[in-house]
Amino acid sequence: MIKAIRGFKDILPSETAIWQKVEGVCRKLFHSYGFSEIRLPLLEETALFVRSIGEETDIVSKEMYSFPDRKGLGLTLRPEGTASVVRAFIEHKMYARSQYKKLYYLGPMFRYERPQAGRSRQFHQIGAEVFGLAAPSIDAELLVLLHDLMVELGLSNTTFYLNSVGCQECRPVFKKVLLEYLDKKKGDLCFDCQQRLVKNPLRVLDCKNEACQSILQLSPSIVEYLCSACQKHYAEVKSLLSFYQLPFHQNDRLVRGLDYYTRTAFEIIHEGLGAQNAIVGGGRYDNLVESFGGPATPAVGFAIGMERVVLALQNQNIALDNQQRIFFVVLGDEAKRKVLPLVRHLRKKGFFIEMSYQGRSLKAQLKEANRFEAQYALILGEEELAADKIILKDMNRSIQEYVTMDKVEEILEGKMASFIKNEK
RNA sequence: GUGGGUGUAGCUCAGUUUGGAUAGAGCUCUGGAUUGUGGCUCCAGUGGCCGAGGGUUCAAGUCCCUCCACUCACCCCA
């Protein structure tokens, strides 16, 4: 039997409602914050990711789905979205039409990792990016948007973590100081951290190993080494968040895994998701556009891990919108002929209506109606046909009444209206 | 890439310790009890390459080997 390949999952009908809810809430909120959707290719030239994410990162060095196409061009299934948005921003000269640009995207990403809770090889992100704004107020606005999003989704137990990772001026200084400090304790660091020391010393900061953590207790902190411009930016972001009364934690060990980040870095953690508990990650990347040959353009953005948000919502048993359902019970071919146009008409009017397709017994069809969770069943058999009436049965209250054909729509509309009223 | 746990019906799981005859239960599904009135109850039925391959044995779901998948953690990240 052929099965889906490792780390690639079907999202089944029983789950899609919650996915649609997440997508819908995001889209609505993004639009009200002035973002427009951009749809991007899943395949890009490998060089795009190597140059943006960083050659030494795990993503690029061992997690990308890369292959040559039929003419030998190196292609890669996108492992993240920001690089493509930047590419498109430059390619279509979006900087020319306005001072700044707000874009969002959503779709699958691919990383060749070992699957575990909250991590698969194909996963989905919803991301947002703002180009052309250096002001700290946009950093803060993104965090406020995300906070609103959590509220709108009904997602609780989230924590916002904030840090500044400095810029090209001050980060190298901090890196040097940190390296000097860690080098002295090199022997006590875990094996992985000794590797990191060479490849990416900043990543030692968020190591989970206890020995490393205790060494880090006394290590220099990035916030002490920020240049005055970065310091000012960070202070203003925090001040605005306080003004918005948005709760957040400063975490000077928060480091982003992609090389392009500058200044503001943030993460949203959801407790109870297991080891992969970051549902949102993002930050500023002021040099990326320029490094790809575009005009110097500050930028800031984030990406939401959809699987993780969906998991968190499923754990919370989030209520989804209920819909009134109607089931049409039909007995005999003649009745069926009569019913088909009516069903079609009612569907056109927007009713959620199903019928029995297989000419089964009345009992079996009512069971179907049950399974369909119909609030109402319409029954048309030979007796009703002769009397030119239809039975309207209230499935919850087990009562039924006779209705003439031409009144069905009107009566159902009344029932639906009172249902919607009661829901509210 | 490394380590732990788990693979038996559509789903949830017994059975594997100590090898033994047609491999079980609950739920679901189909039909009936009730000729045209659902949910509850009762009865019956459908549904298994026991993850795959190899080995030991008179005999393997059960023991041994190899592989695969799922899962959790490391790692990494959203």
Side-chain angles (χ1 to χ4, degrees), chain A residues 1-9 12 14 53 56-64 79-82 106-128 146 190-193 195-196 199-200 203 206-209 254-258 261 266-270 273-283 301-312 327 329-332 335 356 358 360-385 391-400:
Chain A
M1 185 177 57
I2 296 177
K3 292 194 277 188
I5 59 179
R6 182 158 211 209
F8 288 65
K9 286 182 190 166
L12 297 172
S14 58
I53 298 169
E56 288 299 314
T57 61
D58 278 29
I59 294 177
V60 168
S61 63
K62 51 192 183 196
E63 293 176 1
M64 293 207 303
E80 61 113 29
T82 301
L106 83 181
M109 309 292 164
F110 306 86
R111 293 180 199 174
Y112 192 89
E113 298 184 275
R114 191 81 173 259
Q116 75 180 80
R119 186 172 79 185
S120 48
R121 290 181 174 178
Q122 183 187 76
F123 61 102
H124 298 77
Q125 290 188 336
I126 303 184
L146 284 165
C190 71
F191 176 77
D192 288 323
C193 279
Q195 306 284 303
R196 291 185 185 111
K199 281 189 170 182
N200 191 350
R203 298 238 50 135
D206 62 358
C207 180
K208 287 176 192 167
N209 186 288
L254 175 64
V255 185
R256 311 269 54 238
L258 293 75
Y261 283 106
F266 56 86
E267 225 171 62
I268 304 178
I269 302 297
H270 179 85
L273 269 186
Q276 309 300 326
N277 59 0
I279 56 170
V280 179
F302 61 78
I304 303 166
M306 288 188 75
E307 276 81 358
R308 294 179 188 178
V309 169
V310 167
L311 271 174
F327 191 90
V329 173
V330 187
L331 298 167
S356 183
Q358 305 172 73
R360 309 171 71 193
S361 70
L362 175 61
K363 184 158 74 173
Q365 291 192 45
L366 279 169
K367 276 189 175 174
E368 273 187 76
N370 254 0
R371 214 171 307 134
F372 183 58
E373 293 176 5
Q375 277 84 7
Y376 293 98
L378 292 164
I379 304 171
L380 186 70
E382 279 155 26
E383 288 170 24
E384 292 75 28
L385 203 57
I391 295 176
L392 173 64
K393 183 179 174 92
D394 183 323
M395 295 297 282
N396 299 323
R397 285 188 283 179
S398 259
I399 50 174
Q400 60 185 43

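Order of the sequence lines fixes the chain letters, A, B, ..., with proteins taken first and strands second; residue numbering starts at 1 for each chain.
Look at the C1' atom in both rC63(B) and rG19(B): the space between them is 8 Å, to the nearest Å. Comparing rG47(B) with rC64(B), their P atoms sit 33 Å apart, to the nearest whole Å. Taking atom C1' in both rG53(B) and rG7(B), the straight-line distance is 16 Å, to the nearest Å. For the P atoms, the distance linking rG3(B) with rC75(B) amounts to 16 Å, nearest Å. Comparing the C1' positions of rC27(B) and rU34(B) gives an interatomic distance of 24 Å, to the nearest angstrom.
Here the shortest heavy-atom pairing between Gln365(A) and Val330(A) reads NE2-O, 2.7 Å. Closest heavy-atom contact between Ile59(A) and Pro79(A): CG2-CB, 3.7 Å. When all heavy atoms are compared, the tightest approach of Gln125(A) to Gly81(A) is OE1-N, 4.1 Å. When all heavy atoms of Glu307(A) and Phe123(A) are compared, the closest pair comes out as OE2-CA, 3.4 Å.
Annotation: salt bridge (Lys or Arg N to Asp or Glu O under 4.0 Å) contacts of Asp192(A) (sequence neighbours excluded): none. Residues passing the side-chain hydrogen bond (donor to acceptor under 3.5 Å, both in side chains) test with Glu267(A), sequence neighbours excluded: Arg256(A).
Remark: rA60(B) base-pairs with no nucleotide; criterion is Watson-Crick or G-U wobble with both hydrogen-bond distances under 3.5 Å. Pairing for rA23(B) is absent, with no Watson-Crick or G-U wobble pair whose two atom distances lie under 3.5 Å. In a base pair of the Watson-Crick type (N1 to N3 plus N6-O4 or O6-N4) or a G-U wobble (N1-O2 and O6-N3), with each distance short of 3.5 Å, rU46(B) is matched with no nucleotide. In this entry rC70(B) has rG5(B) as its Watson-Crick or G-U wobble partner, both defining distances falling under 3.5 Å. Partner assigned to rU41(B) is rA33(B), using Watson-Crick or G-U wobble distances below 3.5 angstrom. Pairing partner, rA78(B): none, since no Watson-Crick or wobble contact has both distances short of 3.5 Å.
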Do any side-chain atoms of residues 369-385 of chain A form donor-acceptor pairs under 3.5 angstrom with protein atoms, and if so which ones, sequence neighbours left out?
unit_1: Gln375(A); atom_1: OE1; unit_2: Arg325(A); atom_2: N; d: 2.6
unit_1: Gln375(A); atom_1: NE2; unit_2: Gln324(A); atom_2: OE1; d: 3.4
unit_1: Glu384(A); atom_1: OE1; unit_2: Gly381(A); atom_2: N; d: 2.8

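Taking the side chain as every heavy atom from C-beta outward, Leu254(A) and Asp206(A) never approach each other to under 4.5 Å.
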How does each nucleotide of nucleotides 67-78 of chain B score, in 5' to 3' order, for protein heavy atoms under 4.0 Å: base (B), sugar-phosphate only (S), or none (-)? --SSBSBBBBBB

Contact state string [nucleotides 35-43 of chain B, B base, S sugar-phosphate only, - no protein heavy atom under 4.0 Å]: -BBBB----

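Judged as a salt bridge (charged side-chain N to carboxylate O under 4.0 Å, His left out), the pairs with a partner in residues 111-123 of chain A (not counting sequence neighbours) are, in order, Glu113(A)-Arg119(A).
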